[in-house]
Amino acid sequence: MSRIVMKFGGTSVANVERIRNVAQHVKREVEAGHEVAVVVSAMAGATNQLVAWTREASPMHDAREYDAIVSSGEQVTAGLLAIALQAIGVPARSFQGWQIPLRTDGAHGSARIASIEGDALISRMTDGQVPVIAGFQGIAPDNRIATLGRGGSDTSAVAVAAAVGADRCDIYTDVDGVYTTDPRIVPQARRLDRIAFEEMLEMASLGAKVLQVRSVEMAMVHKVRVFVRSSFDAPDAPQTGPGGLPPGTLICDEDEIVEQQVVTGIAYTKDEAQITLRRVEDRPGVAAGVFGPLAEASINVDMIVQNISEDGKTTDITFTLPTSDQARAIEILNAKKAEIGFAGLNTQADACKVSVIGIGMRSHAGVAAQAFQALAQRGVNIRAITTSEIKISVLIDSAYAELAVRTLHSLYGLDKA
Ligand code: ADP
Ligand code: ASP
Ligand code: MG
C-alpha cells in the first residue's frame with residue numbers, strides 16, 4: 001500500500017464527463033489499496049475567464065478581490081469530483097484551502113505556501129475517505145483567500161504530498177509526460193522516462209509550462225517523487241509498463257538516472273522585450289541605479305549584458321524583461337534619466353529566449369559552441385547569451401523561435417526515431 005496524491009489539471013476536468021473519467025482513475029488507485037488525496041484545477045479556460053472579468057471590472061483591481069474571484073474555479077471542480085466519486089461508491093469530501101488549512105504568505109495573486117495542516121487529511125485517508133482539495137488557493141495571514149500564481153495547482157499538489165508524507169505525487173495532464181521540448185510545437189519531441197529535479201527546474205523556469213516552477217522547487221526541497229502522466233489514458237489500462245510504471249515521466253534525484261544524455265531538453269519563452277541604455281557613465285553604483293528602481297516596481301529583469309565603450313568612460317547596458325512590463329520600465333527609466341545618466345534608450349519587443357538544458361553539460365565542453373554554429377548556419381542572429389553550469393540561453397528574434405527550437409532539438413539528437 002502506498003500513499004498517493006493525484007493532481008488533475010484543467011483539461012482533465014474540463015467538463016462533467018471528464019470529471020467522471022478522473023473519478024475512475026481515482027477509484028482504480030483506491031481499489032488497489034492505496035491511500036489517496038486528490039488536488040484539482042479549475043475547468044480548462046475557467047480561470048482565464050475569471051481573470052478577464054476581474055480586469056474588465058477594473059484594470060487596477062484590488063489583489064484580495066482578484067483572489068476571491070479567481071480561486072472560485074477550483075471550488076467548483078473539487079465539489080463536482082467529490083460528487084462523482086461518491087456516485088461510484090468512493091467516499092470523498094471536498095476541501096477548500098482554508099478548510100485544510102493551507103496557509104500562505106500575504107502576497108495576494110502569487111502567494112507562497114507557508115504551512116499545511118496534514119494530520120486531518122491523513123486521518124481521513126486512513127479512514128478510507130478521499131479528500132478532494134481545491135488547488136491554487138490557500139488562506140493568507142489577513143484571513144482572506146490567496147491564490148498561488150497561474151499554474152499553482154501543481155504546487156498545491158506537491159505541497160500536500162510533502163505534508164501527508166506521500167510516496168508519490170502524480171500529476172495528470174493532457175500530455176503523457178515531460179517531453180524533450182513542447183510536443184505541441186515540435187512533433188519530433190520525445191517523452192523522457194526520467195528527468196532530474198534540477199533539470200526540470202530549469203525547464204520550467206525557462207518556459208516549459210508543464211509544471212509550475214514552484215512545484216518543482218518544492219519537490220526538490222522535500223524530495224517528493226513527482227510522476228507526470230496523462231489523464232487521457234484509459235483508467236483501466238495496465239498500470240505497469242517496461243520500467244514498472246505506466247507511460248509518464250518520473251522527476252527524481254540525479255542518481256536515479258542511469259543513462260544521462262548531455263542535453264535533456266530545449267525550452268523557450270516568447271514575449272521577451274529588450275531595452276538598451278546607451279552611453280551610461282561607467283562608475284560604481286550605476287547598475288544599482290538602473291536595476292534598483294525596476295526591482296522596486298516588481299519588474300523582473302532577466303538577461304543583462306554590459307559593454308564598455310572604447311574610451312572606457314561609458315557603457316551600454318542591455319537587458320531583457322517580459323513584454324508586459326516594457327512600457328512601465330521605460331517610464332521608470334526615463335523618469336530617472338538625469339540621476340542614472342544615460343544618453344539614449346532603445347527598445348525592441350518580439351524577442352524570444354531559447355534554452356538548452358542538461359546536467360550532462362557539467363562534464364562536456366563545447367555544447368554552447370555547437371549551438372551557436374548551428375544557429376548561425378540557419379541565419380539566426382543571437383542578441384544576447386547567458387549560461388549556467390547546466391543551461392545555455394540565447395535571445396533571438398521571435399520570428400525564428402520555432403526554427404531555433406527545432407534546429408537545437410535535432411542538433412543534440414533529441415528527435416524521436
Ligand atoms: P494542466 O492544465 O494539466 O496543468 P498545462 O497546460 O499547465 O496542463 O501543462 C501541460 C502542457 O504543457 C502541455 O499541453 C504542453 O503543451 C505544455 N508543455 C510545454 N513544454 C512541455 C514539455 N517539455 N513537455 C510536456 N509538455 C510541455
Ligand atoms: N486554475 C489555475 C490556473 O489556470 C491553477 C492551475 O490550473 O494550476 O492558473
Ligand atoms: Mg498547469
Side-chain angles (χ1 to χ4, degrees), residues 6-14 18 22 25 39-52 54 66-67 69-78 97 109-111 133-138 145-160 169-193 195 199-216 226-232 247-249 251 263-270 354-358 401-402 405 408-409 414 416:
M6 304 171 77
K7 180 261 172 178
F8 296 90
T11 37
S12 307
V13 293
R18 298 285 319 143
V22 162
H25 279 283
V39 174
V40 285
S41 290
M43 290 180 179
T47 311
N48 286 349
Q49 176 65 79
L50 294 166
V51 170
T54 311
Y66 167 93
D67 278 348
I69 300 157
V70 304
S71 60
S72 63
E74 274 72 9
Q75 179 174 344
V76 174
T77 41
S110 60
I133 299 159
F136 183 50
Q137 50 163 274
I145 297 173
T147 60
L148 309 178
R150 297 305 305 271
S153 297
D154 297 327
T155 306
S156 309
V158 176
V160 167
C169 179
D170 287 349
I171 305 277
Y172 286 77
T173 182
D174 56 3
V175 277
D176 62 357
V178 178
Y179 278 66
T180 46
T181 194
D182 190 343
R184 297 195 190 286
I185 305 298
V186 181
Q188 296 87 347
R190 237 186 319 122
R191 190 182 67 228
L192 297 159
D193 289 333
I195 182 169
E199 290 172 318
M200 191 62 234
L201 190 60
E202 291 285 8
M203 289 279 281
S205 1
L206 295 168
K209 295 223 169 72
V210 57
L211 288 175
Q212 199 198 32
V213 179
R214 284 182 190 168
S215 71
V216 188
V226 175
F227 188 60
V228 179
R229 55 182 297 181
S230 173
S231 71
F232 289 77
T249 303
I251 302 160
V263 170
T264 305
I266 314 285
Y268 72 96
T269 49
K270 283 189 174 174
V354 180
S355 307
V356 176
I357 296 133
E402 267 113 61
V405 171
L408 297 174
H409 197 266
L414 299 175
K416 69 177 165 210

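Just so you know, ligand 1 is whichever comes first in the structure, and atom 1 is the first atom listed for that ligand. Only heavy atoms go into these numbers, but all of them, side chains included; no hydrogens, no water, no symmetry mates. Everything quoted here is computed from the prediction, not taken from an experiment.
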Asks: How many angstroms lie between atom CD1 of Ile145 and atom CD of Gln75, to the nearest 0.5 angstrom?
Replies: 7.0 Å
Asks: How many angstroms lie between CZ in Arg214 and OG in Ser110, if you round to the nearest 0.5 Å?
Replies: 5.5 Å
Asks: With rounding to the nearest 0.5 angstrom, report the CG to CE distance, Leu192 to Met203.
Replies: 6.5 Å
Asks: Please list, by chain and number, the protein residues whose heavy atoms come under 4.0 Å of ligand 2.
Replies: Ser41, Ala42, Thr47, Glu74, Phe136, Arg150, Gly151, Gly152, Ser153
Asks: Can you list, by chain and residue number, every protein residue with a non-hydrogen atom closer than 4.0 Å to ligand 1?
Replies: Lys7, Gly9, Gly10, Thr173, Asp174, Val175, Gly177, Val178, Tyr179, Thr181, Asp182, Pro183, Arg184, Met203, Ala208, Lys209, Val210
Asks: Could you tell me the separation between the CD atom of Glu74 and the OG atom of Ser153, rounded to the nearest 0.5 Å?
Replies: 4.5 Å
Asks: Measure the CD1-OG1 distance between Ile69 and Thr54 for me, rounded to the nearest 0.5 Å.
Replies: 4.0 Å
Asks: Apply ring pair (Phe, Tyr, Trp, His ring centres under 6.0 Å) to Tyr172 and list each qualifying residue two or more places apart in sequence or on a separate chain.
Replies: Phe8, His25
Asks: Rounded to the nearest 0.5 Å, how far apart are OG1 of Thr181 and CG of Leu414?
Replies: 8.5 Å
Asks: Would you mind checking if Arg184 and Asp174 are paired as a salt bridge, meaning a charged N to carboxylate O distance below 4.0 Å?
Replies: yes
Asks: Under the ring pair (Phe, Tyr, Trp, His ring centres under 6.0 Å) rule, collect the residues that match up with Tyr66, sequence neighbours excluded.
Replies: His61
